[in-house]
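For reference, the structure discussed in these notes is given below.
In listed order, ligands and their atoms are each counted from 1. These values consider heavy atoms only, across backbone and side chains, with no hydrogens, waters or symmetry-generated copies.
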Amino acid sequence: MNTWLAALAVLALPAAAQQRPAAAPFTLAPLPYPPGALAPVIDAETMTLHHDKHHQAYVDALNKAVAANPALAGQSLEQLLARAASLPPAVRNNAGGHWNHSFFWRTMTRPGTGGAPSERLARAIDAGFGSLDGMKTAFRAAGTGRFGSGWAWLIVGRDGRLAIASTPNQDNPLMDAAEVQGMPLLGNDLWEHAYYLTYRNRRADYLDAWWQLVDWAEVSRRYAAATARSSSSGTTG
Ligand SMILES: [Fe+2]
């Protein structure tokens, strides 16, 4: 039994759906707040298009791709991610797109209301990056350094330590295909559809402003869950 895999589902799903990982057909949950809730950091039009059009398209394409591959019937999203390297591109890309966006919406809250990292997470950030600002600097470098579209992540690596990672396209650190694998704590969408209406080509400005939205209570909860699992499966936390 892969305890790491078994626990992944809780990260991207609302509490009510955390008992049983969903399999196809996959559905799009509503945003956990009104589309204008994140303004002025992310404007309402961007949020509406991003969720209702882009995320919906990933869900629809994923269902279509899974239906075309009967061997994948009944697989949860997390099971698909764990074997992404051997999946058809349409399944890999759209499974990633669905998971990444579900996770992204629940990483954010109204500007300035997200609080601070828990004491334990703050200590891990200090140990890994010197300070919270040090972590943000490393995250910014990963985000601006990603050529084309992709994601920047703060993760708990397989060694139990915090790390910054970036993935191309709709890949993520849960995939067996990822260069740096681990449990995501937070992730930011580097696709232009996430920021272009407000920030145009200024990805760095978007990355800097985005910290105002991070829901540190949620991120701290994820850290506690990820490190509890690491300890129980024999790695250090
Ligand atoms: Fe996106």
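Salt bridge status for Asp171 with Arg92: present, with a side-chain N to carboxylate O gap under 4.0 Å. Using a cut-off of 4.0 Å between Lys/Arg side-chain N and Asp/Glu carboxylate O, Asp176 and Arg83 are scored as not salt-bridged.
Taking the six-membered ring where the residue is Trp, Trp153 and Phe103 present tilted rings, their angle falling between 30° and 60°. Relative orientation of the His55 and His51 rings is perpendicular, given thresholds of 30° and 60° on the angle between their planes.
The nearest N/O/S atom of His193 to the Fe ion (ligand 1) is NE2. Within His101, NE2 is the N, O or S atom that lies nearest to the Fe ion (ligand 1).
Here the Fe ion (ligand 1) is the vertex; the NE2 atom in His50 and the OD2 atom in Asp189 give an angle of 90° (to 10°).
The Fe ion (ligand 1) has no N, O or S atom of His54 under 2.8 Å away, backbone or side chain.
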